[in-house]
Structure formats: structure tokens, C-alpha cells
Amino acid sequence: ADECACPRARLVELLRADRTREMDMSEDGELLPTDSGASAARSQSRAQVTAWFLALLPVSWLAFDVLALELFDAKDSPRGSLLAATLMNWVVVVADSETLRKAGVRVSAWWGILLLPVYVVLRTKRSRSSPMVPVLFFALFATYVISVAPILDGVESAQAMAASVAIAGT
């Protein structure tokens with residue numbers, strides 16, 4: 001009776017282990033096993049953090065615009081801002097894609113490098129994360145597009161005023 005119970009217990013253990021191991025389809029159709037236990041929880045937590053970084057990227061764009069206006073003259077500031085924002089986007093997208101891959105979800109980083117809004121939507125659908133991530137991203141993106149010109153004009157006029165005061169003071 002003990003000999004029969006041991007293989008049966010082993011079979012039950014194997015079936016339970018197989019059931020707890022979740023699989024996800026990648027873009028290529030390749031199966032990606034997800035980690036179970038604590039590492040899966042850490043991967044999910046990191047994926048949520050990188051998702052919110054993605055959602056808040058348009059805020060960094062405004063910061064880069066103002067910083068570039070301070071560091072470069074008005075003629076070169078758009079190029080400096082675009083370069084800094086693009087590099088920041090790439091870093092966040094690659095980190096997010098890698099974090100999702102570790103969690104068992106595959107979203108190609110190329111979508112984020114080429115078309116950031118498409119990446120945000122794809123990563124939300126495939127990871128089944130909060131729909132608030134793309135909603136916040138698009139709301140901040142629209143706010144950025146609408147408000148960037150008046151904000152930068154205000155910064156530029158403040159710089160001009162400070163320069164004229166400095167010249168008048170000498």
C-alpha cells in the first residue's frame with residue numbers, strides 16, 4: 001500500500017506544480033513560463049511601477065523643454081529637448097518591456113521606441129493592467145501639446161526680462 005501511495009502522491013504533486021505554472025503567448029507564439037511565488041509578485045510590482053513611469057512621461061517632456069531653454073539658446077533648445085525626451089522615453093520603454101518579459105508578458109520595446117502611444121496601449125492590453133495608465137498618458141500628452149507653447153513663451157520672456165534688467169544694471 002505504501003508503494004502505491006508514494007507514486008500517487010508524486011503524481012498529485014506534479015499535477016499541482018503544472019497547474020500553478022502559468023503560460024503566456026508571446027508575439028512569436030513562443031510560450032513564456034512565468035515565475036511562481038515571490039519573484040512573480042516582485043515582477044508584477046515592478047511592472048506597475050514602470051507602467052506609471054510611462055504614464056507620467058509627458059510631464060518629463062515639459063521639464064526637458066524648460067531645461068533645454070535654460071541650457072541652450074532659443075534656436076537650439078527644441079533639438080536639445082527632443083534628444084533628452086527621446087532618450088528618457090527609450091530608457092523607460094526598454095525597462096518596462098524587460099520587466100514585463102520577466103513577468104511573462106511580451107511586448108516589443110520597438111513599439112515604444114517608434115510609436116510610444118501604441119506601446120502604452122499594447123502593454124496595457126497584454127499585461128491586463130489598469131486602463132488608467134493609457135488614460136493618464138493621453139490626458140497628460142494632450143495637456144502637454146496644448147500648454148507647452150504658452151509655458152515656454154513665459155519662460156523665454158522671463159529670461160529676456162532678466163537679461164534686460166542685468167544689462168540696465170551695469
Interatomic distance, [X] atom [atom1] to [Y] atom [atom2] [nearest 0.5 angstrom]:
| X | Y | atom1 | atom2 | answer |
| --- | --- | --- | --- | --- |
| Leu136 | Thr143 | CG | OG1 | 9.0 Å |
| Phe137 | Leu56 | CZ | CG | 10.5 Å |
| Trp110 | Leu115 | CH2 | CG | 12.5 Å |
| Leu62 | Leu67 | CG | CG | 11.0 Å |

Is the shortest side-chain heavy-atom distance between [X] and [Y] below 4.5 Å?
| X | Y | value |
| --- | --- | --- |
| Arg123 | Ser129 | yes |
| Tyr119 | Asn89 | no |
| Asp96 | Val107 | no |
| Trp52 | Met132 | yes |
| Phe141 | Trp61 | yes |
| Phe53 | Ser60 | no |
| Arg106 | Leu100 | no |

Please find the pair of heavy atoms, one from [X] and one from [Y], that lie closest to each other, and give the distance.
| X | Y | value |
| --- | --- | --- |
| Leu82 | Thr86 | O-OG1, 2.7 Å |
| Met88 | Leu57 | CG-CD2, 3.8 Å |
| Ser130 | Thr124 | O-CG2, 3.5 Å |
| Ala55 | Pro58 | O-CD, 3.5 Å |

Checklist entry - Under 6.0 Å from the OH atom of Tyr144, do we count more than 12 heavy atoms belonging to anything else shown? => result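 Result for OH/Tyr144: enclosed.
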Next on the checklist: With a sphere of 6.0 Å drawn around CH2 of Trp90, does it hold more than 12 non-hydrogen atoms of other residues, nucleotides or ligands?
Outcome noted: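 Incorrect, the count does not exceed 12.
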Item to check | Connected via hydrophobic side-chain network under 4.5 Å: Val91 and Leu54 | outcome: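 In one cluster: no.
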Next on the checklist: Under a 3.5 Å distance rule, please check whether Ser97 uses its side chain to pair with a backbone N or O of Val93 as donor and acceptor.
Outcome noted: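 Such a contact is absent between Ser97 side chain and Val93 backbone.
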